[in-house]
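Letters go in sequence order (proteins before strands), and every chain restarts at 1. Below, each value reflects all heavy atoms present in this structure, side chains not excepted, and no hydrogens, waters or symmetry copies.
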There are 2 protein chains.
Amino acid sequence: MTEPTRDRTGDEPIPEATVARLPVYLRGLLELADAGVETVSSVGLAELAGVNAANVRKDLSYLHAHGTRGVGYEVGHLVSEISLVLGGGRPSPVVIVGVGNLGRALSRYDGFVAGGFPIAGLVDADPAVVGRKVAGTVVRPVDELASLVAETGATVGIVATPAAAAQEAVGHLVAAGIRSILNFAPSVVAVPAHVDVRQVDLATELQILGYHQHRRTTGDTSRAAG
Amino acid sequence: MTEPTRDRTGDEPIPEATVARLPVYLRGLLELADAGVETVSSVGLAELAGVNAANVRKDLSYLHAHGTRGVGYEVGHLVSEISLVLGGGRPSPVVIVGVGNLGRALSRYDGFVAGGFPIAGLVDADPAVVGRKVAGTVVRPVDELASLVAETGATVGIVATPAAAAQEAVGHLVAAGIRSILNFAPSVVAVPAHVDVRQVDLATELQILGYHQHRRTTGDTSRAAG
DNA sequence: GGTGTCATGTGAACGCGCGCACAAGCGCGT
DNA sequence: ACGCGCTTGTGCGCGCGTTCACATGACACC
């Protein structure tokens, strides 16, 4: 086992692939909790999350969520443990930059609030949009971004601008003190080292699907089935 | 898992990681083409895409897009080559299931059409939504999904329903002959082996960001060594 | 026409992540 | 009390992906 420098309680570096699966586990666990289930095995959780059971066990071993041999894991304990690791235990208000079609949809998306990410405010560069009320929140101008972040304690920024404005939007967010950014604009943005950006590109996802489909139809050797 | 037995011209299996980068390259190349640039080096393209230059070269080596030593790659050639690999050369109409906030935003998203994915139609299970016109298209009931796919030749399905309805929506799409699905619902869905599903979960992305932020603030290594 | 400069293309090594398979351990029934 | 069955926890091997480093080769300039 490659043991990193330290093994302190609470801040071992969890592998990125594991972190990406934790939210999926959490969703399944919350469903189980709603259904009144109190314990779950790695196999059960694996099916719920669509991954391998050994993978689940290894993932959970990175947390302090030990299970009971012969029984399984306690659902409630796992929920609180994963929630703690992912969110630090408290909600992270989100600022959305760019109130176009996508920005409006995101501001109304229930999953954010449910997942501990309430909408702290909306910002747009277009004067025609500023001042309008969207999803119960008044859209504010870009130059109020810093004060908005300060007031609400927002820690996450969502960029939902056109591609051409994405880099500028990110710049504003960074200047306002935001260090976690979710970028929906189809544009590679540059950020300082201490800022974390995740890219969500809808068209890219479709193009990846397109590759596989194109591959299945043209390079299809299963045509004559052998 | 497809059989990597064959190595014919035109359908070598391109590594998944490479496929995921090709759309990013394509975006950068289109910008260059717009700017009138005719050739680009692997270093230039790497900066544009935010990846390593050697990675770019290896990625492009999987395509039939050979460059010229000492000069670089021809932008136009790369564009057509990547487009061909990703889309098969022709547009793939998209059917959107679920016309809630997200579905409406997606139906109006310009990037889809620009990327070769025109909206073929909208479908919803809610009778109150069916018949309404969204983004210039009339929402149709779920039971017309199969005929809609047949009429429009749609090849891709987007699921933008609540989580509880996602599995059913996927079932309808599969039954209608769709083999490429982009699922925005926060739910793991089961599909037959010949169907390809990509998951885009907004809340999950935020939670991953939350982990890193939580880690930076609590397990701050800049504190004291040892 | 020769030479220098530059960029491609690729061989090899490193690291990460995944999955198998097994040992360790807990609980329950007898 | 004891053994049996179930499940966790993990060591190990394999494959993918990334990156460095270098040889190959084309173009431009003189």
Counting only pairs under 3.5 Å, give me each side-chain donor-acceptor contact of residues 184-211 of chain A, with atom names and distances, residues two or more places apart or in other chains.
unit_1, atom_1, unit_2, atom_2, d
A:Arg198, NE, B:Glu205, OE1, 2.4
A:Arg198, NH2, B:Glu205, OE1, 3.1
A:Gln199, OE1, A:Asn183, ND2, 3.0
A:Gln199, NE2, A:Ala185, O, 2.7
A:Gln199, NE2, A:Ser187, O, 3.4
A:Asp201, OD1, A:Ala203, N, 3.1
A:Asp201, OD1, A:Thr204, N, 3.3
A:Asp201, OD2, A:Thr204, OG1, 3.1
A:Asp201, OD2, B:Arg27, NH1, 2.2
A:Glu205, OE1, B:Arg198, NE, 2.5
A:Glu205, OE1, B:Arg198, NH2, 3.1
A:Tyr211, OH, A:Arg215, NE, 3.3
A:Tyr211, OH, B:Ile14, N, 3.1

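Considering every non-hydrogen atom in both A:Leu48 and A:Gly28, the closest pair reads CD2-O, 3.5 Å.
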Nucleic acid footprint by protein, nucleotides 20-27 of chain D - heavy-atom cut-off 4.0 Å, B for base, S for sugar-phosphate alone: BB--BBSS
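Note: CD (B:Glu74) to P (C:dT8) measures 14 Å, nearest angstrom. Between B:Leu45 atom CG and C:dT8 atom P there is a gap of 10 Å when expressed in whole angstrom units. At whole-Å resolution of the value, CG in B:Asn55 and P in C:dG15 are 18 Å apart. Summarising the geometry, the separation between CD on B:Glu16 and C1' on D:dG17 is reported as 12 Å, rounded to the nearest angstrom. Between the C1' atom of D:dC6 and the OH atom of A:Tyr73 lies a distance of 13 Å, rounded to the nearest Å. Rounding to whole angstrom units, CD1 of residue A:Ile14 and C1' of C:dC16 are separated by 16 Å. Rounded to an integer number of Å, the gap from B:Asp59 CG to D:dG17 C1' is 10 Å.
Within the 4.0 Å cut-off from OP1 or OP2 of C:dG9, at least one side-chain nitrogen or oxygen of B:His66 is found. In terms of phosphate contacts, A:Tyr62 brings no side-chain nitrogen or oxygen within less than 4.0 Å of OP1 or OP2 of D:dG9. For D:dT7, neither phosphate oxygen OP1 nor OP2 lies less than 4.0 angstrom from any side-chain nitrogen or oxygen of A:Ser41.
Note that the CG atom of B:Leu60 and the CD1 atom of B:Ile82 stand 6.0 Å from one another [nearest 0.5 Å].
Side-chain atoms of B:Val174 and B:Val170, non-hydrogen and from C-beta on, do get closer than 4.5 Å to each other. Residues B:His77 and B:His64 fail the side-chain proximity criterion, which asks for heavy atoms closer than 4.5 Å.
Side-chain contact check for B:Asn55 and B:Arg21: at least one donor-acceptor pair (N or O, by modelled atom type) lies under 3.5 Å.
In this structure, A:Ala17 and B:Gly67 both approach DNA chain C, and ranking their closest nucleotides by distance from the 5' end singles out B:Gly67.
Side chain of B:Pro15, nearest nucleotide from C:dT10, D:dT8, D:dG17: D:dG17.
For A:Arg179, there are no salt bridge (Lys or Arg N to Asp or Glu O under 4.0 Å) partners at least two apart in sequence or on another chain.
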